[in-house]
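Inspection log for the structure reproduced underneath, given as structure tokens.
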Amino acid sequence: MRHNLFMRILNAIEEHNLYFVQKLNACQLRGLSSLQKITSLTRMLAYGMSTDATDEYLHLGESTTIDYFNHFCQSIIKKFGDVYLRSPTIDDVSKLLVIGEARGFPEMGRASPANYSINGHAYNVGYYLTDNIYPPWAILVQIISSPQGAKKLHFLMMQ
């Protein structure tokens, strides 16, 4: 994420929700800054980190992280929801198609015809399987340049 975008988000959230402003704790010590809080939350979102992973580098408990995360999400929706979390309009789609064509992807928004039949039902649209239903199979296997033994020689021949 670009620095100016991150700072725009951070400033908007600080302005909207005082929960992210740095405060003094009961011992009169400074708590986490808004930069630390929001950085940890964006890392969680970007890298799929668990809530207790923030404890390792920020010493931030899991329940506190969950609380920050809830406040963060609510603030993002309130500040940016009307602009960025809405369904695209016809103008939005048209602009995206023009950009796609300019970048060398003509007719990006149109699906190619797919006519097929399954169990006696005719279909004319594409069907895509998603959500990690396929096991992760290794595609590339390093070759054995000088096989030693029958097992490695057999592997090389099969490869």
Test: side-chain hydrogen bond (donor to acceptor under 3.5 Å, both in side chains). Region: residues 40-49. Which pairs qualify, not counting sequence neighbours? Arg43-Tyr57
Remaining members of Leu18's ILVMFWY cluster at a side-chain heavy-atom cut-off under 4.5 Å? Val21
Got a sec, which residues hit side-chain hydrogen bond (donor to acceptor under 3.5 Å, both in side chains) with Glu15, two or more places apart in sequence or on another chain? Lys79
What's in the same ILVMFWY side-chain cluster as Leu24, cut-off under 4.5 Å, chained through other members? none
Could you name each residue pair satisfying salt bridge (Lys or Arg N to Asp or Glu O under 4.0 Å) that touches residues 29-40, not counting sequence neighbours? none
Sequence neighbours excluded - ring-ring contact (aromatic ring centres under 6.0 Å, His included) pairs with any residue from residues 16-39: Tyr19-Tyr68, Tyr19-His71
Measure the spacing between CG of Leu45 and CD1 of Ile38 and express it to the nearest 0.5 Å. 11.5 Å
Are Ile99 and Leu97 connected in a single hydrophobic cluster, I mean Ile/Leu/Val/Met/Phe/Trp/Tyr linked by side-chain heavy atoms less than 4.5 Å apart? no
Quick check against the 3.5 Å criterion: does Gln36 have a side-chain atom that pairs as donor or acceptor with the backbone of Ser33? yes
Going by the rule side-chain contact (heavy atoms from CB on, under 4.5 Å), which residues pair with Ile77 if we only count those two or more places apart in sequence or in a different chain? Leu85
Linked, directly or transitively: Ile90 and Leu96 (ILVMFWY side chains, under 4.5 Å): no
Could you pull out all residues at least two apart from Leu29 that satisfy side-chain contact (heavy atoms from CB on, under 4.5 Å)? Asn25, Cys27
For Ser34, the side-chain hydrogen bond (donor to acceptor under 3.5 Å, both in side chains) test, sequence neighbours excluded, returns Glu14
Would you sort out whether Met44 and Thr65 count as a side-chain contact (heavy atoms from CB on, under 4.5 Å), showing the intermediate values? CA-CA 10 Å; Met44 283 175 54; Thr65 303; 3.4 Å; yes
Can you list everything that forms a side-chain hydrogen bond (donor to acceptor under 3.5 Å, both in side chains) with Gln74? Sequence neighbours excluded, please. none
Would you call Leu35 and Gln22 a side-chain contact if the rule is heavy atoms closer than 4.5 Å? no
Within 6.0 angstrom of Lys151 NZ, more than 12 heavy atoms from elsewhere: no
Can you check whether Ser63's main-chain N or O pairs, donor with acceptor, with Asp67's side chain at less than 3.5 Å? no
Please collect all salt bridge (Lys or Arg N to Asp or Glu O under 4.0 Å) contacts where either partner lies in residues 80-95, sequence neighbours excluded, each pair once. Arg86-Asp92
How long is the straight-line distance from CG of Asn11 back to CG of Asn4, given to the nearest 0.5 Å? 11.0 Å
Quick one: list whatever passes side-chain hydrogen bond (donor to acceptor under 3.5 Å, both in side chains) with Ser87, sequence neighbours left out. none
Heavy-atom nearest pair, Ile13 first then Ile76, reads CD1-CD1, 3.6 Å
Quick one, Phe6 with Thr39, criterion side-chain contact (heavy atoms from CB on, under 4.5 Å). Give me CA distance, side-chain angles, the key distance, then yes/no. CA-CA 9 Å; Phe6 180 81; Thr39 299; 3.5 Å; yes
Please check if Ile66 and Leu41 belong to a single hydrophobic cluster, counting links between Ile, Leu, Val, Met, Phe, Trp and Tyr side chain heavy atoms closer than 4.5 Å. no
